[in-house]
**Student:** 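First the structure, which I've put down as structure tokens, then a few questions once you've had a look.
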Amino acid sequence: TLKKGDLLALPRFAEKSVDNLLSSINKARDVSLARFLAALSIPQVGEETAFDMANNFGSLEKIKEASFEEIESIYGVGPVVAQAVLDWFKVAGNKKLVTNLLKQVKVASGGSTSGKGKLAGKTFVFTGTLPTLERTDAEEMVRNLGGNAGSSVSKNTDYVVTGDNAGSKLEKAQELGVRVISEA
């Protein structure tokens, strides 16, 4: 809800920096359902769980109306996570937060892509600083193409994508013989 005048009144905020900030904010108003869920900071719900819930339910309304059993039936979601999601959406302050956020952002529906696309059945793990992409953007690209984005390297990992300052994940990939590739 920030306006140009709000920001120009702040110290060290000139016209150009205010315009750049407002431009970045406006670009961030379109968000995937998975990113929206992860940003709500629901206890026990990280990026992977948010992505799985978005793929399973497809819309925020369906998630808000889901039963304990429906949430728990998602692969990788147990009773603790299911209860945390139910409890979070019952809190009046959280309902108000979501209502207010939805006035400012557009949440895209999340349909299932798992098992479909060029990367179906492949698991990617990212390590280091990628040259042109944020890690979350790269992981989302993999998921949108039907692949899985893992957080740790195992014998089930198909590719480790490395950037600058790659650490122990690169070493583990080399040790296990997992194919190592660059962002390009």
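Worth knowing before you read on, the calculation uses all heavy atoms, side chains too, and leaves out hydrogens, waters and symmetry mates. This is a predicted model, so every value here is computed, not measured.
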**Student:** Would Leu130 end up clustered with Leu119 when hydrophobic side chains under 4.5 Å apart are linked, directly or stepwise?
**Tutor:**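 Yes, Leu130 connects to Leu119 through the hydrophobic network.
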
**Student:** Any chance you could measure Phe68, atom CZ, to Ser73, atom OG, to the nearest 0.5 Å?
**Tutor:** 10.5 Å

**Student:** Can you find a pair of side-chain heavy atoms, one from Asn100 and one from Lys103, that are under 4.5 Å apart?
**Tutor:**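 Answer yes - side chains close enough.
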
**Student:** Is there a path of hydrophobic side-chain contacts, each under 4.5 Å between heavy atoms, that joins Phe126 and Val160?
**Tutor:**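 No; tracing contacts between hydrophobic side chains, which count when under 4.5 Å, never links both residues.
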
**Student:** With Val85, which of Val80, Leu40, Ile71, Ile74 fulfils side-chain contact (heavy atoms from CB on, under 4.5 Å)?
**Tutor:** Ile71

**Student:** Should the heavy atoms of other residues, nucleotides or ligands under 6.0 Å from CD of Glu183 be counted, would the total exceed 12?
**Tutor:** yes

**Student:** Can you confirm whether Arg29 sits close enough to Lys106 that some side-chain heavy atom of one is under 4.5 Å from a side-chain heavy atom of the other?
**Tutor:**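 The answer is no; the side chains never approach within 4.5 Å.
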
**Student:** Of the non-hydrogen atoms in Val142 and Asn148, which two are nearest, and what is the gap between them?
**Tutor:**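 Closest heavy-atom pair between Val142 and Asn148: CG1-O, 3.6 Å.
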
**Student:** Would you say the side chain of Phe36 lies within less than 4.5 Å of the side chain of Leu102, judging by non-hydrogen atoms?
**Tutor:**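 Yes. Closest side-chain heavy atoms under 4.5 Å.
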
**Student:** Is there side-chain contact between Leu2 and Leu7, with heavy atoms separated by less than 4.5 Å?
**Tutor:** yes

**Student:** Rounded to the nearest 0.5 Å, how far apart are NZ of Lys62 and CG of Leu33?
**Tutor:** 11.0 Å

**Student:** Please find the pair of heavy atoms, one from Trp88 and one from Ser41, that lie closest to each other, and give the distance.
**Tutor:** NE1-O, 4.3 Å

**Student:** Of the non-hydrogen atoms in Ala50 and Ala38, which two are nearest, and what is the gap between them?
**Tutor:** CB-N, 3.7 Å

**Student:** Mind checking whether Ile25 and Val107 sit in one hydrophobic cluster, side chains of I, L, V, M, F, W, Y counted as touching below 4.5 Å?
**Tutor:**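 In one cluster: no.
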
**Student:** List the atom of Val161, the atom of Phe124, and the distance in Å for their closest heavy-atom pair.
**Tutor:** CG2-CD2, 3.9 Å

**Student:** Mark yes when over 12 heavy atoms from residues, nucleotides or ligands other than Arg179 sit less than 6.0 Å from its CZ; otherwise mark no.
**Tutor:**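 Result for CZ/Arg179: open.
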
**Student:** Show the numbers, then the answer: is there a side-chain contact (heavy atoms from CB on, under 4.5 Å) between Asp52 and Val77?
**Tutor:** CA-CA 9 Å; Asp52 293 340; Val77 174; 5.5 Å; no

**Student:** For residues Arg12 and Ser17, is any side-chain donor paired with an opposing acceptor at under 3.5 Å?
**Tutor:** no

**Student:** Are Phe13 and Leu21 packed together at the side-chain level, in the sense that at least one heavy-atom pair is separated by less than 4.5 angstrom?
**Tutor:**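 Of all side-chain heavy-atom pairs linking Leu21 with Phe13, at least one is under 4.5 Å.
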
**Student:** Quick one: are Val98 and Leu101 in side-chain contact, heavy atoms under 4.5 Å?
**Tutor:** no

**Student:** Taking atom CG of Asn165 as the centre, report whether more than 12 heavy atoms of other residues, nucleotides or ligands fall under 6.0 Å from it.
**Tutor:**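 Not buried by this count: 12 neighbours or fewer within 6.0 Å.
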
**Student:** Thinking salt bridges, do Arg135 and Glu140 make one under a 4.0 Å N-O criterion?
**Tutor:** no

**Student:** So does Lys64 pair up with Glu61, basic N to acidic O under 4.0 Å?
**Tutor:**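 A salt bridge is present here (some side-chain N lies under 4.0 Å from a carboxylate O).
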
**Student:** Between Asp158 and Val178, does the side-chain contact (heavy atoms from CB on, under 4.5 Å) criterion hold? Intermediate values first, please.
**Tutor:** CA-CA 6 Å; Asp158 294 291; Val178 173; over 6 Å; no

**Student:** Answer with yes or no whether the hydrophobic clustering places Ile181 together with Val153; edges join I, L, V, M, F, W, Y residues whose side-chain heavy atoms lie under 4.5 Å apart.
**Tutor:** no

**Student:** Any chance you could measure Glu72, atom CD, to Leu86, atom CG, to the nearest 0.5 Å?
**Tutor:** 10.0 Å

**Student:** If you measure from NZ on Lys172 to NZ on Lys155, what distance do you get to the nearest 0.5 Å?
**Tutor:**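 Here the rounded value is 11.0 Å.
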
**Student:** I need the Thr157 OG1 to Lys169 NZ distance, nearest 0.5 Å.
**Tutor:** 10.0 Å

**Student:** Is the shortest side-chain heavy-atom distance between Thr49 and Gln44 below 4.5 Å?
**Tutor:**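 Contact flag for Thr49/Gln44 side chains = no.
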
**Student:** Is there a path of hydrophobic side-chain contacts, each under 4.5 Å between heavy atoms of I, L, V, M, F, W or Y residues, that connects Leu97 with Met53?
**Tutor:**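 Leu97 and Met53: one cluster.
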
**Student:** Counting distance only, does the side-chain N/O of Asp87 pair as donor-acceptor with the main-chain N or O of Ala84 below 3.5 Å?
**Tutor:** no

**Student:** State, yes or no, whether a side-chain contact exists between Met141 and Leu133 at a heavy-atom distance under 4.5 Å.
**Tutor:**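 Of all side-chain heavy-atom pairs linking Leu133 with Met141, at least one is under 4.5 Å.
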
**Student:** If you look at every heavy atom in Phe89 and Lys95, which pair is closest and at what distance?
**Tutor:** O-CE, 3.0 Å

**Student:** Determine yes or no for a side-chain-to-main-chain donor-acceptor pair under 3.5 angstrom, with Ser24 supplying the side chain and Asn20 the backbone.
**Tutor:**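 It does hold such a pair.
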
**Student:** Is Arg35 salt-bridged to Asp137, cutoff N-O under 4.0 Å?
**Tutor:**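 The answer is yes: the pair qualifies as a salt bridge.
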
**Student:** Whether the side chain of Glu70 engages the backbone of Ser67 through a donor-acceptor N/O pair (distance < 3.5 Å, no angle test) should be reported.
**Tutor:** yes

**Student:** Mind listing the closest non-hydrogen atom pair of Leu37 and Ile42 along with its distance?
**Tutor:** O-CD1, 4.4 Å

**Student:** Please step through side-chain contact (heavy atoms from CB on, under 4.5 Å) for the pair Lys4 and Glu15, ending with a clear verdict.
**Tutor:** CA-CA 8 Å; Lys4 193 170 189 171; Glu15 188 95 17; 2.5 Å; yes

**Student:** As an exercise, state the distance from CD of Glu134 to OG1 of Thr129, rounded to the nearest 0.5 Å.
**Tutor:** 9.0 Å

